[in-house]
Novice: 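Okay, here's the structure, questions in a sec.
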Amino acid sequence: MKAVVSWQDIPDWKGGTPRNVRVLDKKVRFVGDVVALVAAVSEQIAEEAISLIEVEYEVLPAVFDIDSALKENAPLLYEEFKSNIVPAGTPIYGPNCLKGVQMGRR
């Protein structure tokens, strides 16, 4: 195994739509959200490393439909926004949506 990293180990890399989604974050927002990255010399070693990762989750308030998410006191998906509505002017898709993406080392 080469490395195992969590949100504490990497820079504040962001992507997604809007561009506020960290590659790894301390807050898990949905089942299947990434909590760690593993680099290994083989798939077998990577799978073994993944099986050893232990995560403690804190259950947070949640909403399960649009109407609940839009209520005034709904838990925020992203605390940096004032509501669960994507701010006006946020680029979603278009000819420049991948601008700034760089290929990593091979």
Novice: Are Val23 and Leu77 connected into the same hydrophobic cluster when the rule is that any two of I, L, V, M, F, W, Y join if their side-chain heavy atoms are below 4.5 Å apart?
Specialist: no

Novice: Among all residues two or more places apart in sequence or in another chain, which pass the salt bridge (Lys or Arg N to Asp or Glu O under 4.0 Å) test with Glu79?
Specialist: Lys27

Novice: Can you see which heavy atom on Trp7 is nearest to which on Arg22, and at what distance?
Specialist: O-NH2, 3.3 Å

Novice: Can you list, pair by pair, the side-chain donor-acceptor contacts under 3.5 Å of residues 37-63, counting residues two or more places apart and other chains?
Specialist:
{"unit_1": "Ser42", "atom_1": "OG", "unit_2": "Ile45", "atom_2": "N", "d": "3.1"}
{"unit_1": "Ser51", "atom_1": "OG", "unit_2": "Glu48", "atom_2": "O", "d": "2.6"}

Novice: Under a 4.5 Å side-chain heavy-atom rule over Ile, Leu, Val, Met, Phe, Trp and Tyr, are Ile10 and Val4 clustered together?
Specialist: no

Novice: For the atom pair CG (Asn84) and OG (Ser68), what is the distance rounded to the nearest 0.5 Å?
Specialist: 10.5 Å

Novice: Roughly how far apart are Lys71 NZ and Asp65 CG, rounded to 0.5 Å?
Specialist: 7.5 Å

Novice: For the residue pair Leu24 and Val5, what are the closest heavy atoms and their distance?
Specialist: CD1-O, 3.8 Å

